[in-house]
Amino acid sequence: PLSQSGVNILGTDSSDIGRAEDRRQFSDMLDTLGIQQPEWSVLKSKDEAILFAEKVEYPVLVRPSFVLSGASMRVAADEFQLRNFLDL
């Protein structure tokens, strides 16, 4: 990365962006700070997503990897919506 090469980058530090984007890093930070969070998981298939949603119950937040803006996030109220969002 540029920051490790000594390049001065304006704005948010790249490690802070990574911590905000990487769900595991963000979760670890919340745990360290004692902040509660909903159950979450990294899922790689529709079947995994549906099983997880059934476990935690709807509604569920569908969040693609590395989207700081949140523009691609969706809330699925039921299995039909979840399947629809995962097909996009």
Original post:
Mind checking who shares a hydrophobic cluster with Ile35, ILVMFWY linked at side-chain heavy-atom distances under 4.5 Å?
Top reply: Phe26, Met29, Leu30, Leu33
Subject >> Listed partners of Asp78 passing side-chain contact (heavy atoms from CB on, under 4.5 Å), at least two apart >> reply: Phe80, Gln81
Subject >> For Leu43 against Ala49, the heavy-atom pair lying closest together >> reply: CD1-CA, 3.5 Å
Subject >> Listed partners of Arg23 passing salt bridge (Lys or Arg N to Asp or Glu O under 4.0 Å), at least two apart >> reply: none
**OP:** For Gln37 and Ser27, indicate whether the former's side chain and the latter's backbone hold a donor-acceptor pair under 3.5 Å.
**Re:** yes
**OP:** Would you mind listing every salt bridge (Lys or Arg N to Asp or Glu O under 4.0 Å) that reaches into residues 46-55, with sequence neighbours excluded?
**Re:** Glu39-Lys55, Lys46-Asp87
**OP:** Please step through side-chain contact (heavy atoms from CB on, under 4.5 Å) for the pair Met73 and Phe85, ending with a clear verdict.
**Re:** CA-CA 9 Å; Met73 290 188 218; Phe85 295 153; over 6 Å; no
Original post:
According to a 4.5 Å side-chain heavy-atom criterion applied to Ile, Leu, Val, Met, Phe, Trp and Tyr, with indirect links allowed, do Val60 and Trp40 form part of one hydrophobic cluster?
Top reply: no
Original post:
When clusters are formed from ILVMFWY side-chain contacts under 4.5 Å, directly or step by step, what else is grouped with Leu51?
Top reply: none
**OP:** Please name all residues satisfying side-chain hydrogen bond (donor to acceptor under 3.5 Å, both in side chains) with Ser41, sequence neighbours left out, ordered by chain then number.
**Re:** none
Original post:
Which atom pair, heavy atoms only, marks the closest approach of Tyr58 to Ala76?
Top reply: CD2-O, 3.5 Å
**OP:** For Asn84, enumerate each residue passing the side-chain hydrogen bond (donor to acceptor under 3.5 Å, both in side chains) test, keeping only those at least two apart in sequence or located in another chain.
**Re:** none
